[in-house]
Amino acid sequence: MIKKTVIQKVSGAVLVAAAAAAVSTSANAEWKGWNIHNPGYPVTTALESFIADVDAKTDGRVAGRVYNGAVLGSQADSIQMLQIGAIQFAEFNLGPIGTIVPEANVVSLPFIFKSVDHMHRVMDGPVGDELSAAMEKHGIKSLAWYDSGARSFYNTEKPIETPADLDGMKFRVMNNELYVGMVEALGGNATPMAYSEIYQSLKTGVVDGAENNWPSYESSNHFEVAGYYSLTEHLILPECVCVSVSAWNQLAAGDQKIVKDAARASAVLQRKLWAERDKSSREKVLASGVAFNEISNKAPFQNAMKVVYEKAFQDNPTLKPLVQKIQSVD
């Protein structure tokens, strides 16, 4: 029986997957892992090293496979599957997690982190532990935090220097009300859509732009159809190596420690690979002729976010003390 407190609505496909997983898990410890990225990407390499490490150090008591390229479904589907144990581990961006775990929305507040290094210090400390505990109440246990760099705006029309440059433009955002509010506060029109739909939407003019980090901008080939990249760095979103609470609870204490240690070791690897990929992706797209501009004064962008913060605090008062804790970290 699936408790309503864990998930309110589960699709038929997810329930079928859950039943199949339950049979598989009872027979062996063959874990399925969801990943949106393709082979060779920093996240993919690190996640595959995680499960290989677990396999080796548990002598095969916990083995598994990473299914790359979102072949098991969208992130929304995979979050549901993880909650009910249809898959046993995954790597998620925390942005969409905020629709299920309200506390996780704190990392989606624009400009909440001072830098990528600041994000690491926050997430590796008490705030990260607090968010992990909140996620666990919803059937998802976070074991370690990966890097996804800083996200900036790119578009098909012009450089963005001030918020006024977004006026009337259509930007794709991830499925989270905070991102819709962020773009609207800057004068743009936000369009939530799946990542896989962005390239064609940019090419055909369904949207004028999107926002993401250098590696995603490069690996998705969005730079081919949206040749203006403006360094707003408005979001610095952590990602998580997560396991299903139901799968976690089936492990002996010794194997739980092995799994957690392996996840944290994979985070060290992922951050190193990410920094290297971030640099090479930036060099590749700039060499292609992309029009790039840094923004000398981000204060107008940051000031425009006051309404986003106010609405977030009104909708979810638990965010305010979390913001204070984040801002107190040097």
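Nothing here was measured: the structure is a model prediction, and the numbers come from that model. Hydrogens, waters and symmetry mates play no part in the numbers below; they use all other heavy atoms, side chains included. Residue numbers start at 1 and run along the sequence shown.
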Student: Going through the checks in order, is the side-chain hydrogen bond (donor to acceptor under 3.5 Å, both in side chains) test met by Asp208 and Thr156?
Tutor: CA-CA 6 Å; Asp208 303 309; Thr156 60; 4.7 Å; no

Student: With side-chain contact (heavy atoms from CB on, under 4.5 Å) as the test, would you mind laying out the steps for Met182 and Leu109 before giving the verdict?
Tutor: CA-CA 8 Å; Met182 173 186 72; Leu109 289 169; over 6 Å; no

Student: Please lay out, stage by stage, how Ser78 and Ile87 fare under the test side-chain contact (heavy atoms from CB on, under 4.5 Å).
Tutor: CA-CA 8 Å; Ser78 62; Ile87 59 175; 4.1 Å; yes

Student: Evaluate whether atom CG of Asp261 has more than 12 neighbouring non-hydrogen atoms of other residues, nucleotides or ligands under 6.0 angstrom away.
Tutor: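 Atom CG in Asp261 is crowded, with more than 12 foreign heavy atoms closer than 6.0 Å.
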
Student: To the nearest 0.5 Å, how far apart are CG in Leu94 and SG in Cys242?
Tutor: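 SG of Cys242 is found 7.0 Å from CG of Leu94.
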
Student: Tell me whether Asp53 contacts the main-chain N or O of Ala262 through its side chain, where contact means a donor paired with an acceptor under 3.5 Å.
Tutor: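 Such a contact is absent between Asp53 side chain and Ala262 backbone.
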
Student: Kindly indicate, with the supporting measurements, whether the criterion side-chain hydrogen bond (donor to acceptor under 3.5 Å, both in side chains) is fulfilled by Ser244 and Ser246.
Tutor: CA-CA 5 Å; Ser244 166; Ser246 62; 2.8 Å; yes

Student: When you compare the side chain of Asn212 with that of Tyr195, does any pair of heavy atoms fall below 4.5 Å?
Tutor: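 Yes; the side chains approach each other to less than 4.5 Å.
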
Student: Let me check something: do Tyr228 and Leu186 share a hydrophobic cluster, defined by ILVMFWY side-chain heavy atoms less than 4.5 Å apart, either directly or through other members?
Tutor: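 Unlinked, Tyr228 and Leu186 end up in two clusters.
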
Student: Got Leu82 and Phe92 here, is their nearest side-chain heavy-atom distance under 4.5 Å?
Tutor: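 Yes, side chains in contact.
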
Student: Look only at the side chain of Arg172 and the backbone of Met193, and say whether a donor-acceptor pair between them is shorter than 3.5 Å.
Tutor: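 Here the side-chain-to-backbone pair exists.
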
Student: Tell me, do Trp145 and His120 make a side-chain contact under 4.5 Å, heavy atoms counted?
Tutor: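 Of all side-chain heavy-atom pairs linking His120 with Trp145, none is under 4.5 Å.
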
Student: Go through it in stages, so that I can follow the logic: the residues are Ile295 and Leu231, the test is side-chain contact (heavy atoms from CB on, under 4.5 Å), and I'd like the CA-CA distance, side-chain angles, deciding distance and then a yes or no.
Tutor: CA-CA 6 Å; Ile295 294 171; Leu231 203 67; 5.6 Å; no

Student: According to a 4.5 Å side-chain heavy-atom criterion applied to Ile, Leu, Val, Met, Phe, Trp and Tyr, with indirect links allowed, do Met123 and Val268 form part of one hydrophobic cluster?
Tutor: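 No; tracing contacts between hydrophobic side chains, which count when under 4.5 Å, never links both residues.
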
Student: Quick check on side chain to side chain donor-acceptor pair (under 3.5 Å): which of Tyr217, Tyr154, Tyr199 does His222 satisfy it with?
Tutor: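 Filter result, single survivor: Tyr154.
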
Student: Centres of the Trp274 and Tyr146 rings: under 6.0 Å?
Tutor: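 No, they do not, as the ring centres are separated by 6.0 Å or more.
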
Student: Taking all non-hydrogen atoms of both residues into account, name the closest pair between Val241 and Ala263 and its distance.
Tutor: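 Here Val241 and Ala263 meet closest at CG1-CB, 4.2 Å.
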
Student: What about Leu273 and Ile36, same hydrophobic cluster or not, with Ile/Leu/Val/Met/Phe/Trp/Tyr joined at side-chain heavy-atom distances under 4.5 Å?
Tutor: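 The answer is no; the residues belong to distinct hydrophobic clusters.
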
Student: Which is it for Asn38 and Asn68 under the side-chain hydrogen bond (donor to acceptor under 3.5 Å, both in side chains) test, yes or no, and what are the steps along the way?
Tutor: CA-CA 6 Å; Asn38 294 322; Asn68 301 315; over 6 Å; no

Student: Please find the pair of heavy atoms, one from Val106 and one from Val323, that lie closest to each other, and give the distance.
Tutor: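 Shortest heavy-atom separation between Val106 and Val323 comes out as CG2-CG2, 3.8 Å.
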
Student: Is Trp34 close to Ile79 at the side-chain level, that is, under 4.5 Å between some pair of heavy atoms?
Tutor: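 Result no, sub-4.5 Å side-chain heavy-atom pair not found.
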
Student: Looking at Asp147, Asp278, Asp124, which one forms a salt bridge (charged side-chain N to carboxylate O under 4.0 Å, His left out) with Arg271?
Tutor: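 Exactly one pass, corresponding to Asp124.
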
Student: Side chain of Ser266, backbone of Phe50: donor and acceptor closer than 3.5 Å?
Tutor: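 It does not hold such a pair.
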
Student: Walk me through whether Thr58 and Asp255 qualify under side-chain hydrogen bond (donor to acceptor under 3.5 Å, both in side chains).
Tutor: CA-CA 7 Å; Thr58 61; Asp255 285 346; 5.4 Å; no

Student: Let me see the working for Glu239 and Gln270 under side-chain contact (heavy atoms from CB on, under 4.5 Å), right down to the final yes or no.
Tutor: CA-CA 11 Å; Glu239 303 195 351; Gln270 191 273 343; 5.7 Å; no

Student: Determine whether Leu178 and Ile100 fall in the same hydrophobic cluster, where Ile, Leu, Val, Met, Phe, Trp and Tyr are linked whenever their side-chain heavy atoms lie under 4.5 Å apart.
Tutor: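 In one cluster with Leu178: Ile100, yes.
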
Student: Under a 4.5 Å cut-off applied to non-hydrogen side-chain atoms, are Val206 and Glu197 in contact?
Tutor: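 No; the side chains remain at least 4.5 Å from each other.
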
Student: Before you tell me yes or no, could you show the steps for Glu283 and Lys279 under salt bridge (Lys or Arg N to Asp or Glu O under 4.0 Å), namely the whole-Å CA-CA distance, both residues' side-chain angles and the distance that decides it to 0.1 Å?
Tutor: CA-CA 6 Å; Glu283 291 172 349; Lys279 182 175 182 291; 2.8 Å; yes

Student: Please work out which of the three classes, parallel, tilted or perpendicular, describes the rings of Tyr41 and His37, given edges at 30° and 60°.
Tutor: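 Parallel, since the angle between the ring planes stays under 30°.
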
Student: If you look at every heavy atom in His138 and Gln83, which pair is closest and at what distance?
Tutor: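 Heavy atoms only, the tightest pair is O-NE2, 2.9 Å.
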
Student: Among Thr99, Asn105, Asn93, whose side chain to side chain donor-acceptor pair (under 3.5 Å) with Asn176 holds?
Tutor: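 Output: one option passes, namely Asn105.
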
Student: Examine distances only and state if a side-chain atom of Gln256 and a backbone atom of Trp248 form a donor-acceptor pair shorter than 3.5 Å.
Tutor: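 Flag set: sc Gln256 to bb Trp248 pair under 3.5 Å.
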
Student: Decide if atom NZ of Lys158 counts as having more than 12 heavy atoms of other residues, nucleotides or ligands within a radius under 6.0 Å.
Tutor: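 Enclosed: over 12 neighbouring heavy atoms sit under 6.0 Å from NZ of Lys158.
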
Student: What are the two closest heavy atoms between Pro192 and Val180, and how far apart are they?
Tutor: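 Closest approach of Pro192 to Val180: CG-CG2, 3.9 Å.
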
Student: Does atom NZ of Lys170 have more than 12 heavy-atom neighbours, drawn from other residues, nucleotides or ligands, at distances under 6.0 Å?
Tutor: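 Enclosed: over 12 neighbouring heavy atoms sit under 6.0 Å from NZ of Lys170.
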
Student: Rounded to the nearest 0.5 Å, how far does OG of Ser115 lie from CZ of Arg121?
Tutor: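 Spacing of CZ (Arg121) from OG (Ser115) equals 5.5 Å.
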
Student: For the atom pair NZ (Lys141) and NZ (Lys260), what is the distance rounded to the nearest 0.5 Å?
Tutor: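 Between Lys141 NZ and Lys260 NZ, I get 5.5 Å after rounding to 0.5 Å.
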
Student: Locate the shortest heavy-atom distance separating His118 from Phe113; write the atom from each residue and the value.
Tutor: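 Minimum heavy-atom contact is ND1-CA, 3.6 Å.
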
Student: Can you name the closest pair of heavy atoms from Phe171 and Ala210 and give their distance?
Tutor: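 Answer, listing the atom of Phe171 first, then Ala210: CD2-N, 3.5 Å.
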
Student: Before accepting this row, confirm whether a basic side-chain N of the pair Glu218/Arg277 lies closer than 4.0 Å to the acidic partner's carboxylate O.
Tutor: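 Judged by the 4.0 Å cut-off on N to carboxylate O distance, Glu218 and Arg277 do form a salt bridge.
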
Student: Heavy-atom distance under 4.5 Å between the side chains of Met135 and Cys240, does that happen here?
Tutor: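 The answer is yes; the side chains approach within 4.5 Å.
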
Student: Report yes if the side chains of Trp31 and Val54 come closer than 4.5 Å at any heavy-atom pair, otherwise no.
Tutor: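 Contact flag for Trp31/Val54 side chains = no.
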
Student: Is there a side-chain contact between Val207 and Leu202 (heavy atoms, below 4.5 Å)?
Tutor: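 Touching, per the 4.5 Å side-chain cut-off.
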
Student: I need the Arg151 CZ to Ile236 CD1 distance, nearest 0.5 Å.
Tutor: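 CD1 of Ile236 is found 11.5 Å from CZ of Arg151.
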
Student: May I ask you to decide whether Glu276 forms a salt bridge with Lys272, counting only side-chain N to carboxylate O separations under 4.0 Å?
Tutor: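 Yes, Glu276 and Lys272 are salt-bridged.
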
Student: Flag yes if more than 12 heavy atoms outside Lys298 fall under 6.0 Å of its NZ atom; otherwise flag no.
Tutor: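 More than 12 heavy atoms, drawn from other residues, nucleotides or ligands, come within 6.0 Å of this atom.
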
Student: How long is the straight-line distance from CG of Asp330 back to NZ of Lys114, given to the nearest 0.5 Å?
Tutor: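 The CG atom of Asp330 is 6.0 Å from NZ of Lys114, to the nearest 0.5 Å.
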
Student: Looking at Leu251, Ile258, Asp55, which hits side chain to side chain contact (heavy atoms under 4.5 Å, CB included) with Val62?
Tutor: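 Testing Val62 for a side chain to side chain contact (heavy atoms under 4.5 Å, CB included) against Leu251, Ile258, Asp55 leaves exactly one candidate, Leu251.
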
Student: State whether the number of non-hydrogen atoms from other residues, nucleotides or ligands found under 6.0 Å of Glu48 atom CD is greater than 12.
Tutor: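 It does: Glu48 CD has more than 12 such atoms within range.
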
Student: Between Phe153 and His234, what is the ring plane arrangement, given parallel below 30°, perpendicular above 60°, and tilted in between?
Tutor: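 Aromatic pair Phe153/His234 classed parallel.
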
Student: To the nearest 0.5 Å, what is the distance between CD on Gln302 and OH on Tyr309?
Tutor: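 Reported value, rounded in 0.5 Å steps: 8.5 Å.
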
